[in-house]
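Worth saying up front: this structure is predicted, and the values here are computed from it rather than measured.
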Amino acid sequence: MPGTIDIDRIFHESRASPPSERTLPWEETCDGVTVVVEPKPHWADDMRAFRLEAPEYCRYADWTANGGHARFDGHIDTSGNDVMMKARATIAREIADGLWDRRPVHVRR
């Protein structure tokens, strides 16, 4: 159907913003390690970077400074895949609820 909203396009357009202004998670790879960066909530002092396939995370500042050598801590139940799947499911639900339109990609909340 022409004019439908595409989840991949929404993620792509979110990446056009600087990291501190992004509202959706994104992948980054350094030193052979891939993480999913979780956007910074208004109350946080830094973002978190979750290993793609393992329940571990680090501070984004540590990730940007040290890449794959950043200090990762265990997380009880969340990996980068989990963060990304949850974001994609949320966007799919919001599209179904009519919260996205065809104008430049912004969610109406």
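Membership of the apolar cluster around Phe72 extends to Trp26, Val33, Val35, Val37, Met47, Tyr60, Trp63, as traced through chained side-chain contacts below 4.5 Å between ILVMFWY residues. Grouping Ile, Leu, Val, Met, Phe, Trp and Tyr by side-chain contacts under 4.5 Å, direct or through others, leaves Met85 on its own.
Applying the ring-ring contact (aromatic ring centres under 6.0 Å, His included) test to His75 and every residue at least two apart in sequence or in another chain returns Phe50, Tyr57. Residues satisfying the salt bridge (Lys or Arg N to Asp or Glu O under 4.0 Å) criterion with Asp8, sequence neighbours excluded, are Arg88. Residues passing the side chain to side chain contact (heavy atoms under 4.5 Å, CB included) test with Glu53 are Asn81, sequence neighbours excluded. Under the rule for a side chain to side chain contact (heavy atoms under 4.5 Å, CB included), the partners of Ala92 that lie at least two apart in sequence or sit in another chain are Ile7. The side chain to side chain donor-acceptor pair (under 3.5 Å) search around Thr34 returns Thr29, not counting sequence neighbours. By the salt bridge (Lys or Arg N to Asp or Glu O under 4.0 Å) test, Glu28 pairs with no residue at all, sequence neighbours left out.
Here the straight-line distance linking atom CG of Asp6 with atom CD of Glu13 works out to 9.5 Å at 0.5 Å rounding. Atom CD1 of Ile91 sits about 5.0 Å away from atom CH2 of Trp100, to the nearest 0.5 Å. Distance CD/Glu38 to CG/Leu24: 11.5 Å, rounded to 0.5 Å.
The minimum heavy-atom distance linking Lys40 with Ala44 is given by the pair CE-O, 2.8 Å.
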### Message
Is there a side chain to side chain contact (heavy atoms under 4.5 Å, CB included) between Ser79 and Leu52? Walk through the geometry before answering.
### Response
CA-CA 6 Å; Ser79 70; Leu52 184 63; over 6 Å; no
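A donor-acceptor pair under 3.5 Å is formed between the side chain of Arg22 and the backbone N or O of Ser17.
Taking 4.5 Å as the limit, some side-chain heavy atom of Val36 sits within range of a side-chain heavy atom of Pro25.
Listed by first and then second residue, the salt bridge (charged side-chain N to carboxylate O under 4.0 Å, His left out) pairs involving residues 56-81 are Asp46-Arg59, Arg51-Glu56, Arg71-Asp73 (not counting sequence neighbours).
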